[in-house]
Amino acid sequence: MAQPVQIAHGLDPALGAPQLVAQLEEEHRDLPGIRTKQLYIKDGSRYDGQTLGDTGMRTRTGVSIVAVMRAGQVSPSPNPDFTFTGGDLLVAVGTPDGLAAAAKILANG
């Protein structure tokens, strides 16, 4: 797992997920159609133990996972080999439609 570090200009890895999402939204508020959303890997999910690449998230939805929070630690810019664990909170950026599709993929496979 990547070491916690700053994940974007001025983003503090010690921030909790809601604060991180709020800061990302503020940073791209002038970009119409771009939103930030928290997504979860539930315990027992199809993707618990699978990699980001296994989700096909970017290809299927256009959504980027910009960070994963696990046990209070932030893993910035996870690569396709990043392995999810139940309880992970994903910080995703994309269009509203893409984010809705991403949430559906994580919930239903």
Side-chain angles (χ1 to χ4, degrees):
M1 179 167 74
Q3 293 297 314
V5 295
Q6 287 189 302
I7 63 173
H9 245 19
L11 290 181
D12 182 350
L15 291 175
Q19 294 87 0
L20 182 59
V21 168
Q23 189 165 350
L24 283 168
E25 286 175 344
E26 176 63 23
E27 288 189 4
H28 64 256
R29 69 180 154 81
D30 294 330
L31 301 173
I34 301 297
R35 302 286 182 267
T36 304
K37 184 174 179 79
Q38 297 175 45
L39 303 171
Y40 297 92
I41 302 293
K42 295 182 180 177
D43 290 325
S45 160
R46 171 182 177 192
Y47 295 109
D48 184 354
Q50 299 297 309
T51 67
L52 173 57
D54 292 333
T55 68
M57 190 67 64
R58 179 90 174 132
T59 302
R60 294 167 69 184
T61 67
V63 166
S64 294
I65 305 301
V66 297
V68 176
M69 296 192 71
R70 177 183 295 159
Q73 298 293 312
V74 175
S75 295
S77 302
N79 63 36
D81 295 332
F82 185 92
T83 301
F84 293 131
T85 299
D88 283 352
L89 185 145
L90 286 55
V91 179
V93 175
T95 65
D97 288 345
L99 291 167
K104 193 175 204 179
I105 287 169
L106 293 176
N108 305 320

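What you see is a predicted model; the values in this text were computed from it and never measured.
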Next on the checklist: Pair Asp88, Phe82 - check side chain to side chain contact (heavy atoms under 4.5 Å, CB included), show working.
Outcome noted: CA-CA 12 Å; Asp88 283 352; Phe82 185 92; 4.1 Å; yes

Checklist entry - When rounded to the nearest 0.5 angstrom, what is the spacing between OG1 in Thr55 and CZ in Arg60? => result 7.0 Å

Checklist entry - How close do Val68 and Leu90 get, heavy atom to heavy atom, and via which atoms? => result CG2-CG, 4.3 Å

Checklist entry - What heavy-atom pair brings Val63 and Ala92 nearest, and what distance separates the two atoms? => result CG1-CB, 3.6 Å

Next on the checklist: For Tyr47 versus Ile105, what's the shortest heavy-atom pair and its separation?
Outcome noted: CE1-O, 3.5 Å

Item to check | For Thr85, side chain to side chain donor-acceptor pair (under 3.5 Å) partners two or more places apart | outcome: Arg70

Checklist outcome for this item: Nearest heavy-atom contact between Thr61 and Ala101 is CG2-CB, 3.7 Å

Checklist entry - Roughly how far, to the nearest 0.5 Å, is NZ of Lys37 from CG of Leu99? => result 7.0 Å

Checklist entry - Which heavy atom in Gly33 sits nearest to a heavy atom in Pro96, and how many Å separate them? => result O-CD, 3.4 Å

Item to check | N/O donor-acceptor pair under 3.5 Å between Ser64 side chain and Val66 backbone | outcome: no

Checklist entry - Minimum heavy-atom separation for Gly87 to Asp43, with atom names? => result N-OD1, 3.8 Å

Item to check | Spacing of CD1 belonging to Ile41 relative to CD belonging to Gln50, to within rounding of 0.5 Å | outcome: 10.0 Å

Item to check | With sequence neighbours excluded, residues passing side chain to side chain donor-acceptor pair (under 3.5 Å) with Asp54 | outcome: Thr51

Item to check | Step-by-step side chain to side chain contact (heavy atoms under 4.5 Å, CB included) determination, Asn79 to Leu52 | outcome: CA-CA 7 Å; Asn79 63 36; Leu52 173 57; over 6 Å; no

